[in-house]
Amino acid sequence: MKNVFIFNHPLINHKIAILRDKNTGMKEFRELIEEITTIMTYESMRDVPLVPVQVETPLEVTTQYRVPEESIAIVPILRAGLGMVNGVHRVFPTARVGHIGMYRDEETLQPREYYCKLPEGIEDKMVLLVDPMLATGGSACDALAALKKRGCKNIKLMSIIAAPDGIEKVSREHPDVSVYVATEDRCLNENGYILPGLGDAGDRLFGTK
Ligand code: PRP
Ligand code: URA
């Protein structure tokens, strides 16, 4: 699928193996999500626009290229996306952060938006929408629609584990959005959980179960 990048990087997969383990505790889980996100951010920014800057080295003045950090915004889908924000901030420490709150109705699996607060001028920024889990794709598609409704035109979606259904739905409904996924899992179970997956990312990040 065009615009879908599945990393399958050995070092990321190594970390995901630990993440999946049900015996991995909350602290290590949170740290791994952050580390994996940092690596994924480097990979997903290969096409980031750079601006020329004059730099004076101890020897001479040279033209170099930098990312204008003010042009980047991070938008986590609450709650689990929050776990990825620090991972992106390690790369772009001054990127502004917007929040979109979504939860899946446990019976219908339909996402419900309950919160949206975005940085001023977000319509002109490159938006990195983050959520570790892309299952049915409902939450990501609604979050993308919410961002587009507010004028965002340049959006990347970054998820750590994705089901084939979620990847397919996002690329069908939002073909203009580049989707970066660390690994694609087998399928969803009858409750919409990814198999083999890692369980409920929000609960494991915040210790709510
Ligand atoms: C999880 C996850 C995604 C969503 C993915 O959130 O973080 O946002 O499910 O599922 P989907 O692709 O089928 O929409 P959840 O609704 O469990 O809320 P939480 O982050 O508050 O736990
Ligand atoms: N949300 C999660 O946190 N995990 C899944 O497997 C599916 C949706």
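For the numbers below, each heavy atom of this structure counts, side chains included, while hydrogens, waters and symmetry mates do not. Since this is a predicted model, take the numbers as computed values, not measurements.
- Considering CG of L78 and CD1 of I100, their distance stands at 8.5 Å, rounded to 0.5 Å.
- With sequence neighbours excluded, no residue forms a salt bridge (charged side-chain N to carboxylate O under 4.0 Å, His left out) with E28.
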- prompt: What's the verdict on side chain to side chain contact (heavy atoms under 4.5 Å, CB included) for R150 and C116, showing C-alpha distance, side-chain angles and the deciding distance?
  reply: CA-CA 10 Å; R150 288 154 177 102; C116 186; 3.4 Å; yes

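- K153 places a side-chain N or O within donor-acceptor distance of the main-chain N or O of G151, the cut-off being under 3.5 Å.
- For the atom pair CD1 (I16) and NE2 (H9), the distance works out to 11.5 Å, reported to the nearest 0.5 Å.
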task: Carefully, step by step, assess R112 and D105 under the rule side chain to side chain contact (heavy atoms under 4.5 Å, CB included).
output: CA-CA 7 Å; R112 303 256 175 270; D105 182 300; 4.1 Å; yes

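- In this structure, E173 pairs ionically with K169, as a charged nitrogen and a carboxylate oxygen lie closer than 4.0 Å.
- Panel note: side chain E69, backbone T94; a donor-acceptor pair is recorded below 3.5 Å.
- Of the residues I74, I155, L144, the one that meets the side chain to side chain contact (heavy atoms under 4.5 Å, CB included) test with V127 is I155.
- Within the 4.5 Å cutoff, side-chain heavy atoms of R186 are placed close to those of P196.
- One hydrophobic cluster, built from ILVMFWY side chains closer than 4.5 Å, holds both L205 and M158.
- Residue M126 is grouped with residue Y42 when hydrophobic side chains (ILVMFWY) are merged at heavy-atom distances under 4.5 angstrom, including chains of intermediate members.
- L128 and L82 fall within the same hydrophobic cluster, defined by Ile, Leu, Val, Met, Phe, Trp and Tyr side-chain heavy atoms under 4.5 Å apart, directly or through other members.
- Here R20 pairs with D185 in a salt bridge; the nearest charged N to carboxylate O distance falls below 4.0 Å.
- Panel note: side chain R66, backbone V53; no donor-acceptor pair is recorded below 3.5 Å.
- Heavy-atom minimum distance, G192 versus A135: O-CB, 3.7 Å.
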query: Could you walk me through whether V181 and F7 pass the side chain to side chain contact (heavy atoms under 4.5 Å, CB included) check?
result: CA-CA 6 Å; V181 166; F7 294 158; over 6 Å; no

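- Here the shortest heavy-atom pairing between E113 and A146 reads OE1-CB, 3.6 Å.
- Remark: L198 CG to I161 CD1 distance equals 4.0 Å, nearest 0.5 Å.
- In this structure, T38 contributes its side chain and E34 its backbone to a donor-acceptor pair below 3.5 Å.
- Annotation: ring pair (Phe, Tyr, Trp, His ring centres under 6.0 Å) contacts involving residues 183-209, sequence neighbours excluded, are absent.
- Residue L157 is not grouped with residue M45 when hydrophobic side chains (ILVMFWY) are merged at heavy-atom distances under 4.5 angstrom, including chains of intermediate members.
- Between the side chain of T108 and the backbone N or O of Q110 there is at least one donor-acceptor pair closer than 3.5 Å.
- A salt bridge links K148 to D176: one of the charged nitrogens lies within less than 4.0 Å of a carboxylate oxygen.
- Remark: E70 does not engage R96 in a salt bridge, criterion side-chain N to carboxylate O under 4.0 Å.
- Taking every heavy atom of both residues into account, I18 and L32 meet most closely at CG2-CD1, 3.7 Å.
- Under the 4.5 Å side-chain heavy-atom criterion for ILVMFWY residues, a single connected hydrophobic cluster contains both V48 and V88.
- By the 30° and 60° cut-offs, the orientation of the rings of F5 relative to Y180 is parallel.
- Looking at H99, its side chain never comes within 3.5 Å of a backbone N or O of I77 through a donor-acceptor pair.
- With R90 contributing its side chain and N86 its backbone, the two residues share no donor-acceptor pair below 3.5 Å.
- Heavy-atom neighbours of Q54 CD from other residues, nucleotides or ligands within 6.0 Å: above the threshold of 12.
- Contact between A73 and K125 at its shortest, heavy atoms only, is CB-CD, 3.8 Å.
- In plain terms, the two heavy atoms of N189 and N191 that are nearest each other are OD1-N, 2.8 Å.
- Taking each heavy atom of D142 and P111 in turn, the nearest pair found is OD2-CG, 3.4 Å.
- The pair D131-R79 does not meet the salt-bridge criterion, since no charged nitrogen lies less than 4.0 angstrom from a carboxylate oxygen.
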task: Might you work through the side chain to side chain contact (heavy atoms under 4.5 Å, CB included) test for I160 and M133, ending with a clear yes or no?
output: CA-CA 6 Å; I160 296 177; M133 309 304 279; 6.0 Å; no

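- Between L19 atom CG and T183 atom OG1 the span is 11.0 Å, to the nearest 0.5 Å.
- In this structure, S159 contributes its side chain and A162 its backbone to no donor-acceptor pair below 3.5 Å.
- In this structure, the separation between CD1 on I72 and NZ on K156 is 9.0 Å, given to the nearest 0.5 Å.
- A salt bridge between E35 and K15 is present, with a side-chain N of the basic residue lying under 4.0 Å from a carboxylate O of the acidic one.
- No donor-acceptor pair closer than 3.5 Å links the side chain of R204 to the backbone N or O of R30.
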